[in-house]
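Position 1 is the first residue of the sequence, and the numbers go up from there. Just so we're clear, the structure is a prediction, and the values are computed from it rather than from any experiment. Just so you know, ligand 1 is whichever comes first in the structure, and atom 1 is the first atom listed for that ligand.
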Amino acid sequence: MPTPFPWPEPPPPSCPVLKLLQGQTAIVTGASSGIGRAIAIALGHAGANVVVNFFGQPDKALEVAEEVRRCGSRAMAVAADVSDPRQVRILFERTVDEFGRLDILVNNAGIQLDAAVEDLTFEQWQRVMDVNLTGPFLCCQEAVRLFNKQGIDPARSCAAGKIICISSVHEVIPWAGHVNYAASKGGLMLLMKSLAQEVAPRRIRVNSIAPGAIRTPINTAAWSTREAYDALLTLIPQKRIGEAEEIGRAAVWLASDQSDYVHGITLFVDGGMTLYPGFETGG
Ligand code: NAD
């Protein structure tokens with residue numbers, strides 16, 4: 001059966017948006033584009049105040065904040081490089097100054113700097129580690145300190161705080177030509193799980209979402225031509241690319257009390273990419 005191109009229509013939301021996060025405040029890092037943008041808007045639809053963190057795209061970040069306000073929630077765009085401890089501290093301070101507290105952190109900011117291992121520069125290795133792994137560590141540290149200080153407010157949530165890391169299927173699938181990216185996401189998996197174990201008794205929930213192939217600027221080369229898109233589909237049992245809004249919906253659920261007993265897991269949202277698609281015809 002021929003596959004549609006550029007891609008099939010995204011599935012429509014199947015139920016009215018519930019205000020599952022009413023009165024809560026969220027920081028979403030790297031929220032001026034792609035998955036972070038969709039998560040910020042989905043959290044806003046669910047009733048959360050949203051801090052739209054961005055790095056170098058102020059106009060786009062302001063647009064996202066405006067879109068969150070159109071959902072009836074409050075929003076603020078704040079510039080910060082997540083790999084810089086001083087800028088991260090200021091990001092959290094500005095959040096508390098504006099909204100009084102923090103309930104949800106989404107570690108979304110991430111980059112790819114790809115090269116064959118023999119050509120990969122030290123700077124490419126280090127920058128990917130700094131943004132994809134050190135960034136989430138710094139943000140988690142600030143969030144946990146705040147959650148400890150705030151404690152639980154039952155009027156908002158039965159948890160003292162929620163952390164969601166946007167990982168990747170490449171936290172488990174090796175990826176030739178991308179050793180820095182795959183290593184950063186594998187590291188993020190054990191950062192998430194170790195932290196989840198450490199802070200669980202304080203009712204701080206920590207989980208990850210691992211997207212498969214989602215149509216965003218980070219992977220334009222994989223979906224913008226017929227040939228590339230067909231090659232991509234060989235890796236996806238559902239035979240379609242994912243949309244950023246699908247990650248947004250998963251983030252709302254993981255941030256809400258609906259998932260309160262879900263702790264220290266990675267939720268794969270990948271159309272089956274982690275199901276060894278090479279075996280789909282029997283191997
Ligand atoms: P994207 O390029 O649109 O988003 C990445 C965002 O991070 C951008 O807004 C960018 O400005 C921001 N950013 C980069 N460096 C930063 C820094 N130092 N500080 C703060 N923000 C910074 O791509 P995306 O696909 O939306 O990626 C979002 C996350 O999803 C990334 O962590 C990525 O690894 C992950 N992911 C994406 C896919 C996919 O198929 N698109 C698949 C798996 C995982």
- Under 3.5 Å, is there a donor-acceptor pair between the S208 and E171 side chains? no
- Should you measure from each heavy atom of Q57, which atoms of ligand 1 turn up under 4.0 Å away? 9 (O), 11 (O)
- Counting heavy atoms under 4.0 Å, the part of F54 that contacts ligand 1 is neither
- Task: Just jot down the ligand 1 atoms closer than 4.0 angstrom to any heavy atom of G34, in number order.
- Result: 3 (O), 26 (O)
- Message: With nothing but distance in play, are any N or O atoms of I111 less than 3.5 Å from an N or O of ligand 1?
- Response: no
- Less than 3.5 Å between some nitrogen or oxygen of I214 and one of ligand 1, yes or no? yes
- Message: Over 60° means perpendicular and under 30° means parallel, so tell me whether W175 and H170 are parallel, tilted or perpendicular.
- Response: parallel
- Protein residue, atom and distance nearest to atom 3 (O) of ligand 1, heavy-atom basis: S33 OG, 2.7 Å
- Mind checking whether N132 and K185 have side chains closer than 4.5 Å, heavy atoms only? yes
- Could you check if a side-chain atom of K162 sits within less than 4.5 angstrom of a side-chain atom of Q24, using non-hydrogen atoms only? yes
- Strictly by modelled atom types, are T29 and N108 linked by a side-chain donor-acceptor pair under 3.5 Å? no
- Query: Among F92, F147, F137, whose side chain to side chain contact (heavy atoms under 4.5 Å, CB included) with E142 holds?
  - Reply: F92
- Taking NZ, NE, NH1 and NH2 as the nitrogens, is one of them in R156 or D153 under 4.0 Å from a carboxylate oxygen of the other? yes
- Among protein heavy atoms, which sits nearest to atom 24 (P) of ligand 1, and what does the distance come to when rounded to 0.1 Å? T216 OG1, 3.4 Å
- In the protein, which heavy atom is nearest to atom 12 (C) of ligand 1, and how far is it? G30 CA, 3.7 Å
- Note on the structure: Note: S167, heavy atoms under 4.0 Å from ligand 1, region reported as backbone
- Task: Quick one: look up the protein heavy atom nearest atom 2 (O) of ligand 1 and list residue, atom name and how far away it is.
- Result: I218 CB, 3.9 Å
- Message: Taking distance alone, with N or O pairs closer than 3.5 Å, would you say S83 contacts ligand 1?
- Response: no
- Message: Within the 4.0 Å heavy-atom shell around A80, which atoms of ligand 1 are there?
- Response: 19 (N), 20 (C)
- Within-shell test, R215 vs ligand 1, heavy atom, strictly < 4.0 Å: no
- Can you tell me the protein heavy atom closest to atom 13 (N) of ligand 1 and the distance? A109 CB, 4.0 Å
- Would you call G56 a ligand 1 contact, heavy-atom distance under 4.0 Å? no
- Query: Among side-chain atoms of R37 and T216, is any donor-acceptor pair under 3.5 angstrom?
  - Reply: no
- Dump the intermediate steps for salt bridge (charged side-chain N to carboxylate O under 4.0 Å, His left out) on R127 and D81, then the final yes or no. CA-CA 11 Å; R127 187 63 186 154; D81 178 344; 3.2 Å; yes
- For ligand 1, the portion of V131 having any non-hydrogen atom under 4.0 Å away: side chain
- Task: Under 4.0 Å from a heavy atom of S168: give me the atoms of ligand 1 that qualify, with their elements.
- Result: 43 (C), 44 (C)
- Message: Over 60° means perpendicular and under 30° means parallel, so tell me whether Y276 and F279 are parallel, tilted or perpendicular.
- Response: perpendicular
- Quick one: nearest non-hydrogen protein atom to atom 36 (N) of ligand 1, plus distance? Y181 OH, 3.7 Å
- Short list, please: which atoms of ligand 1 are under 4.0 Å from a heavy atom of R127? 18 (N)
- Under 4.0 Å, heavy atoms only, figure out whether ligand 1 is touched by the backbone of N108, its side chain, both or neither. both
- Considering only heavy atoms, does H170 approach ligand 1 within less than 4.0 Å through its side chain, its backbone, both, or neither? neither
- Which residue supplies the protein heavy atom nearest to atom 5 (C) of ligand 1, what is that atom called, and how far is it? G110 O, 3.5 Å
- Message: Could you measure the distance from the CD1 atom of I111 to the CD1 atom of I218? Nearest 0.5 Å is fine.
- Response: 8.0 Å
- Using 4.0 Å as the upper bound for N to carboxylate O, is an ion pair formed by K60 and E63? no
- Message: I'd like to check which ligand 1 atoms, numbered from 1 as shown, lie under 4.0 Å from a non-hydrogen atom of A213.
- Response: 40 (O)
- Message: Quick test of your reading of the model: are K239 and E280 salt-bridged, counting only N-O distances below 4.0 Å?
- Response: yes
- Query: Which one holds for P211 and ligand 1: side chain close, backbone close, both close, or neither close, with close meaning a heavy atom under 4.0 Å?
  - Reply: both
- Side chain D270, main chain A210, donor-acceptor under 3.5 Å: no
- Among all protein non-hydrogen atoms, which one is nearest to atom 18 (N) of ligand 1, and what is the separation to 0.1 Å? D81 OD1, 2.8 Å
- Message: Only heavy atoms of G212, strictly under 4.0 Å: list the atoms of ligand 1 that pass.
- Response: 38 (C), 39 (C), 40 (O), 42 (C), 43 (C)
- Task: Taking only heavy atoms of I166 into account, list the atoms of ligand 1 that are under 4.0 Å away from them.
- Result: 29 (C), 30 (O), 32 (O), 35 (C)
- Item | Ion pair R74/E98, N-O distance below 4.0 Å | yes
- Using distance alone, determine whether I35 and ligand 1 share an N or O pair under 3.5 Å. yes
- Distance-only polar pair, side chains of R205 and S259, donor-acceptor under 3.5 Å: yes
